[in-house]
S.K.: 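Before anything else, here's the structure in question.
Position 1 is the first residue of the sequence; numbering continues from there.
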Amino acid sequence: MQSFSFLSAAAAAALIAVPAAAAEVRDHPRAVLELFTSEGCSSCPKADARLTELGKQKDVIALAYHVDYWDYIGWADTFGSKANSDHQKAYAQSWGSSRIFTPQLVINGSSGVVGSRDEEVTKALDTAKLDLPVTLNVGDNMLEIGVAPQAGGPQAMVWLVTFKDHEQVAISRGENAGRTMDYSQIVTGRQMLGMWDPVAGTHLKLPLSELMTGGANGAVILVQADKAGGLPGPIIGAASVQL
């Protein structure tokens, strides 16, 4: 384990026809797993592989956020971004901490464990659940999003997270020099779509072209509680689609 202390909605791409039958929708998950990882971290490959395996479970949505704060030690992460690092820092601040590390696995936005420690990951997953239904429908080059109402629900935002399902990288420098790594569920972008209405529910439509930029071939819709200062709270609902 390594530790470190411390979009615009419109897409320019033309619409790409995607048959509804070709889209794989995953709804009613029990867990959203957000792995903060780096190609320059020698402790991360085990966690990366574990995320890939967990992501095969139909009731799990997996996302890999590659951070950039280890780039200085010899290898700039192919998918790393400051936005991903800032997202991890926001979780730490939300939990009253100033410490971030890789590999960190965040479960449902509520708690974080060391992603390479199987026992910690299994224990955290055993009690994971999401109660708010989120539905996705693909048709006519559009993604239709439905978030159910829930009386007494918290203030929460609807987020779009796009991802690439697989990429192979040959690493020539840094702690993993000489290794060829397979990565999955690689986050390519994250943007707020709007507020969730707990009384009436929320319904949105997005052109599929917005989901297929930057090499992405999938998207996750997250409903996440909003803490004071805009810090992330628990994820209360989610669904994903792979195109």
S.K.: Is it true that Val60 and Val220 fall in one hydrophobic cluster, defined by side-chain heavy atoms closer than 4.5 Å?
M.R.: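 Result: no, two separate clusters.
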
S.K.: Walk me through it: do Leu143 and Leu136 pass the test side-chain contact (heavy atoms from CB on, under 4.5 Å)?
M.R.: CA-CA 7 Å; Leu143 176 67; Leu136 301 179; 4.0 Å; yes

S.K.: What distance separates Leu63 CG from Ser240 OG, expressed to the nearest 0.5 Å?
M.R.: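 If I round to the nearest 0.5 Å, the distance is 8.5 Å.
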
S.K.: When rounded to the nearest 0.5 angstrom, what distance separates OG1 in Thr202 from CD1 in Ile221?
M.R.: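 If I round to the nearest 0.5 Å, the distance is 11.5 Å.
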
S.K.: Under 30°, 30 to 60°, or over 60°: which ring-plane class applies to Trp95 and Tyr91, parallel, tilted or perpendicular?
M.R.: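 Judged by the thresholds at 30° and 60°, the geometry between Trp95 and Tyr91 is parallel.
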
S.K.: Taking the side chain as everything from C-beta on, heavy atoms only, tell me whether Gln242 gets closer than 4.5 Å to Phe163.
M.R.: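 Side chain of Gln242 against side chain of Phe163, heavy atoms only: contact under 4.5 Å found.
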
S.K.: Would you call Asp59 and Arg30 a salt bridge, using N to O less than 4.0 angstrom?
M.R.: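 So Asp59 pairs with Arg30 through a salt bridge.
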
S.K.: Before you tell me yes or no, could you show the steps for Asp68 and Ser81 under side-chain contact (heavy atoms from CB on, under 4.5 Å), namely the whole-Å CA-CA distance, both residues' side-chain angles and the distance that decides it to 0.1 Å?
M.R.: CA-CA 5 Å; Asp68 67 348; Ser81 75; 5.9 Å; no

S.K.: If hydrophobic clusters are built by linking Ile, Leu, Val, Met, Phe, Trp and Tyr wherever their side-chain heavy atoms come under 4.5 Å apart, do Ile236 and Leu193 end up in the same one?
M.R.: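 Linked, Ile236 and Leu193 end up in one cluster.
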
S.K.: To the nearest 0.5 angstrom, please state how far the CD atom of Glu24 sits from the NZ atom of Lys58.
M.R.: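 The NZ atom of Lys58 is 4.5 Å from CD of Glu24, to the nearest 0.5 Å.
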
S.K.: Spell out, yes or no, whether Ile186 and Trp75 are grouped together once hydrophobic residues are joined by side-chain heavy atoms under 4.5 Å, including indirect joins.
M.R.: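 Same hydrophobic cluster.
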
S.K.: Quick check on Gln168: does its CD atom have over 12 non-hydrogen neighbours (other residues, nucleotides or ligands) under 6.0 Å away?
M.R.: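 Yes - once you tally the heavy atoms of other residues, nucleotides and ligands closer than 6.0 Å, there are more than 12.
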
S.K.: Return the CG to CD distance between Asp48 and Gln185, rounded to the nearest 0.5 Å.
M.R.: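 These two atoms lie 12.0 Å from each other.
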
S.K.: Measuring from atom SG of Cys41 to atom CD1 of Ile73, what distance do you get when rounded to the nearest 0.5 angstrom?
M.R.: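 With rounding to 0.5 Å, SG (Cys41) is 8.0 Å from CD1 (Ile73).
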
S.K.: Using the rule that Ile, Leu, Val, Met, Phe, Trp and Tyr join whenever any side-chain heavy atoms are under 4.5 Å apart, tell me whether Leu125 and Leu35 fall into a single cluster.
M.R.: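 Yes, Leu125 connects to Leu35 through the hydrophobic network.
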
S.K.: Between Glu39 and Arg179, does any side-chain N to carboxylate O distance fall below 4.0 Å?
M.R.: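 Salt bridge flag = no for Arg179 with Glu39.
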
S.K.: Is there side-chain contact between Gln224 and Pro234, with at least one heavy-atom pair below 4.5 Å?
M.R.: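 No, every pair of side-chain atoms sits at 4.5 Å or beyond.
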
S.K.: Are any non-hydrogen side-chain atoms of Thr162 and Val187 less than 4.5 angstrom apart?
M.R.: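 They are not in contact (no side-chain heavy atoms under 4.5 Å apart), so the answer is no.
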
S.K.: Examine His87 together with Tyr65 and report whether their ring centres are nearer than 6.0 Å.
M.R.: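 Ring-ring flag for His87/Tyr65: true, centres closer than 6.0 Å.
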
S.K.: Do the charged groups of Lys164 and Glu167 touch, with an N to O distance under 4.0 Å?
M.R.: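 A salt bridge links Lys164 with Glu167.
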
